[in-house]
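Take a look at the structure set out below.
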Amino acid sequence: MSHENFPTDRPAVVTCGLPYANGDLHIGHLRGYIGADTFNRALRTLGQQSVYVCGSDMHGTPVAVNADKEGVDPEEFALRWHEQYTETFPKFSVDFDNYGHTHEETNVELTQSIVRALEDGGYVYEDEVLVAYDPQADDHLPDRYVVGTCPYCGEKARGDECDEGCQRHLEPGEIENPTSVRTGNPAEYRERTHKFFRVSEFSDYLTDFLDGLEGTSNARNQPRQWIEEGLQDWCLTRDMDWGIDYPGAEDEDIVLYVWVDAPIEYIASTKQYSERVGSEEYDWEEVWRDGGEIVHVIGRDIIQHHTIFWPAMLEGAGYNTPRGIAATGFITIDGKGLSTSRNRAIWAREYLEEGFHPDLLRYYLTTTGGLQQDVDFTWTAFQEKVNGELVGTIGNFWYRSLLFAYRNYEGTPEAEVSDEVRARIEDALEETRTAVNDYSVRDVGLSATRLAQFGNEYIQRNEPWKLTDDDPERAAQVIRDCVQIAKAVGVLLQPVAPGKAQALWDQLGEDGEVADTILETALEAPPRTFEEPGELFEKIEDDRVEDLEAKLEAKIEAAADRAETESDSESMTETTDDTTEDESTETETSDLEPLLEDRIGFEEFQELDIRVGQIEVAEGIEGADDLARLEVDIGFETRQVVAGIKRLHDLESLPGTKCILLANMEPAELFGVESNGMVLAAGEEADLLTTHDDAELGEKVR
RNA sequence: AGCGGGAUGGGAUAGCCAGGAGAUUCCGGCGGGCUCAUAACCCGCAGAUCGGUAGUUCAAAUCUACCUCCCGCUACCA
């Protein structure tokens, strides 16, 4: 089965994975939302009718548990995050046509009606399952809230997985010596009746579905394995009170599993949009019932939910299934996995507070590697991308063309666009069409960059500044071409960088919104006159990047220190926080810094004046969490040194300890205290280097 | 353990599905040019046995098999 290329005459809906109302948004979330937003905007430039919808995911155990910790109602807790998300998205030009949440009436009704439809179709049955129960807390414990002993290898294990031992997946009820993570008490098992969805009956349907599915290859290939292995039926209910009631069981302490109602929010949100604008303009039922174009952008960690359970549910309840599923890769920071608990993350708020335009991040995230690839974020790479492509290529071309046109013609010169340039722009439009149909937001952005690059070459090759006197007609022709290219770059860049594209649009004196234009507008003549243009992109300076990288490093270290001091008291309750990134995968080696490739000579080593010293005085610096002031005797003299070991060492016991000091370090002032050297230490716990024999104070280390 | 994705000049990325002279773009290095433009821009050069081994083929970065390393997934954690 293959699909008709976009644009089609059916309405489309683009969605992105629902943010879980349990924490701040970071760059990893933004990647998906920006990618989907870009895709939706690009679809529209093709002339495809399309809306972009999403909503907050309000239910599930983590919300209930964290609300409980704070002593607030889960709804209140989740709504707070929901409101924050609602405010954040527009700041990144993530422009949802509707943004709802899963606890709204629209979603509750729709979810219950879909579950009833599944029941009516005979796809739901009841079965008994063992559920861990904490008698003291009088609460049932979802699987990860239980720890115990693995029945297979005897290692310590979590309720659902033997994470430290044999890596086996554990079924509920299997784990031995179950213990509640929440109270530390022994847990007991209770038999409960739950509802199950006959996913297994959809094997053939899903196989066909996957054959026709567009999007990224991982979303197509990975589920095939699960189908071949035989699908297991899916438990639809949970022993909780926070969630959507199972229809007909409103009085019982049982709700629908969060993954049932979460994707239904895609439909509910579309419905809300449809009701707002009127079904004449956009009919949600046409999309979800009759065969509109449904595209999901998701993280690759939730592929199975979207390629197995979700289409099975839709099919079973008589709904339309997705045309495309694009599963994005993850974001890494400086080459290491993003980790919210370790604060190895760029938070949405942080980025905005730095004052960077959202389009810079949008461009970086969409054009650095394909949608499916993992993308590494470093401030240095961000700077290169911005300075090289946005400032140097696009910004520079826009500015030089428009400025030249303004100074010499007060706008667009009166001439016809040359055939060469017209053809080149048409190629660029075609590149974009292909990119959209390949689900490549990267090429959507790069088609604009490449066109700007052509523009730079074109202007250079024709040297209009030499022609203004000798051959005014030819000069006008060249500049006419350049202004047209500039406009086309704006139209092409809009899906990725809507704010900057609009700014160009305004400079060109165009009316209305560039976001409302279709690709063909790129070939229409710009207004005859326009005002003096300004520079649209600003270079990021090197020292700025150094600051940013240092700041990032510092906050990661601070988080590590905090975890260190808290780990003793909270070890029982810390096992489950939020975890897209898992502690168990972060082994020792992946945490080590990679070895440096560059070798240095002996002379360079000699430049490091490393001495044996002895700590004479150690005291904390007031106002600093981590810093301590040390006085170190290095034979010749006693140095005052500041070290970040306040919380990691017992300062009173340090005097008398030998240490190793980098003596010719540039002096620095930290918290008002001058530091004249660096005490060497290793590891996150700042294990101090020392000597073990007769090295005397002041001796050089070599 | 199984499965999915990845490994391409110093760094980063495209190409692979539909095999065809060792290939894209960006950063960095070297040389030149230009001056309309944000020390920008344009041109040229250097630099890679396309992770390894075998195979299919007239032809392999691309297809097949096996191997190594990295990331992820394995379903009641959103």
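Throughout, a chain's letter reflects where its sequence line sits, starting with A, and its residues are numbered from 1. As the structure is a computational prediction, the values presented were derived from the model and not from experiment.
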ask   = What are the two closest non-hydrogen atoms of A:D134 and A:S180, and how far apart are they?
value = OD2-OG, 2.7 Å

key: Residue-phosphate contact under 4.0 Å: A:Q304 side-chain N/O, B:rU74 OP1/OP2   = yes

inquiry  = For a 4.5 angstrom cut-off between non-hydrogen side-chain atoms, does A:N218 reach A:Q372?
reply    = yes

note = Between CG of A:L446 and C1' of B:rU13 the distance, given in whole Å, is 10 Å

task = Just call it for A:G370: base, sugar-phosphate, or nothing, with non-hydrogen atoms closer than 4.0 Å on any strand.
result = sugar-phosphate

message = Please determine whether a side-chain nitrogen of the Lys or Arg among A:K195 and A:E126 lies less than 4.0 Å from a carboxylate oxygen of the Asp or Glu.
response = yes

request  = Kindly give the heavy-atom pair with the smallest separation between A:D233 and A:R198, and that separation in Å.
outcome  = OD1-CA, 3.2 Å

task = Would you mind telling me which of A:K385, A:E389, A:H357, A:K500 makes a side chain to side chain donor-acceptor pair (under 3.5 Å) with A:Y363?
result = A:E389

request  = Would you classify A:R442 as touching base, sugar-phosphate or nothing, given that sugar-phosphate means primed atoms plus P, OP1 and OP2, and contacts are heavy atoms under 4.0 Å?
outcome  = sugar-phosphate

query = So what does A:F397 touch, heavy atoms closer than 4.0 Å: a base, only the sugar-phosphate, or nothing?
reply = nothing

query = Base, sugar-phosphate, or nothing: which does A:R407 touch, judged by heavy atoms less than 4.0 Å apart?
reply = sugar-phosphate

query = Quick one: on RNA chain B, does A:E535 or A:R300 contact a more 5' nucleotide (nearest heavy atom)?
reply = A:E535

ask   = A:F309 has a side chain; which of B:rG4, B:rA75, B:rG6 sits nearest to it?
value = B:rA75

ask   = Contact class for A:K466 (heavy atom, under 4.0 Å): base, sugar-phosphate, or nothing?
value = sugar-phosphate

query = Starting at NE2 of A:H194 and ending at C1' of B:rC76, how long is that distance when rounded to a whole Å?
reply = 9 Å

request  = Identify whether NZ of Lys or CZ of Arg in A:R424 sits under 6.0 Å from the centre of the six-membered ring of A:F454 and within 45° of that ring's axis.
outcome  = yes

inquiry  = If I take atom CD1 in residue A:I298 and atom C1' in nucleotide B:rG72, what distance separates them, rounded to the nearest angstrom?
reply    = 13 Å

task = Choose from B:rG5, B:rA37, B:rC34 the nucleotide whose nearest atom is closest to any side-chain atom of A:Q372.
result = B:rG5

task = Could you check which of B:rU38, B:rG72, B:rC76 has an atom nearest any side-chain atom of A:F537?
result = B:rU38

task = Establish, with yes or no, whether the OP1 or OP2 oxygen of B:rG5 is under 4.0 angstrom from a side-chain nitrogen or oxygen of A:N221.
result = yes

ask   = At under 4.0 Å, does any side-chain N or O of A:Y257 touch on OP1 or OP2 of B:rC76?
value = no

task = Find which nucleotide of RNA chain B each of A:V375 and A:K539 is nearest to by heavy atoms, and output the residue with the more 5' nucleotide.
result = A:V375

remark   = A:D542 atom CG is separated from B:rC27 atom C1', nearest whole Å, by 12 Å

key: Close side-chain approach of A:E420 and A:Y458, heavy atoms under 4.5 Å   = yes

query = Does B:rA37 have a Watson-Crick or wobble mate here (both distances under 3.5 Å), and if so which one?
reply = none

Could you write out each protein N or O paired with an N or O of nucleotides 41-45 of chain B at a distance under 3.5 Å?
unit_1 : atom_1 : unit_2 : atom_2 : d
B:rC41 : OP1    : A:G392 : O      : 3.3
B:rC41 : O2'    : A:R400 : NH1    : 3.0

remark   = Using Watson-Crick geometry (N1-N3 plus N6-O4 or O6-N4) or G-U wobble (N1-O2, O6-N3), each under 3.5 Å, B:rG47 is paired with none

ask   = How close do A:S401 and A:F397 get, heavy atom to heavy atom, and via which atoms?
value = OG-O, 2.6 Å

query = Within the structure shown, what part of the strands sits under 4.0 Å from A:E538 by heavy-atom distance: base, sugar-phosphate, or nothing?
reply = nothing

task = Using a heavy-atom cut-off of under 4.0 Å over every strand shown, decide if A:I308 touches base, sugar-phosphate, or nothing.
result = nothing

ask   = If you check every side-chain atom of A:W465, which of B:rA75, B:rG72, B:rU35 has the closest atom?
value = B:rU35

request  = Give the rounded distance in Å between these two atoms: CD of A:Q373 and C1' of B:rU13.
outcome  = 9 Å

ask   = Among B:rA75, B:rG6, B:rA37, which nucleotide sits nearest the side chain of A:W234?
value = B:rA75

query = Rounded to whole angstrom units, what separation is found between the CG atom of A:N218 and the P atom of B:rG6?
reply = 8 Å

query = Does any nucleotide pair with B:rA54 by Watson-Crick or G-U wobble geometry, both distances under 3.5 Å, and what is it?
reply = B:rU64

request  = Check the distance between B:rC36's P and A:D469's CG and give it to me in whole angstrom.
outcome  = 11 Å

inquiry  = Whole angstroms only, please: what is the CG-C1' distance between A:D443 and B:rU25?
reply    = 11 Å

query = Going by atom types alone, do A:T332 and A:D376 pair a side-chain donor with an acceptor below 3.5 Å?
reply = yes

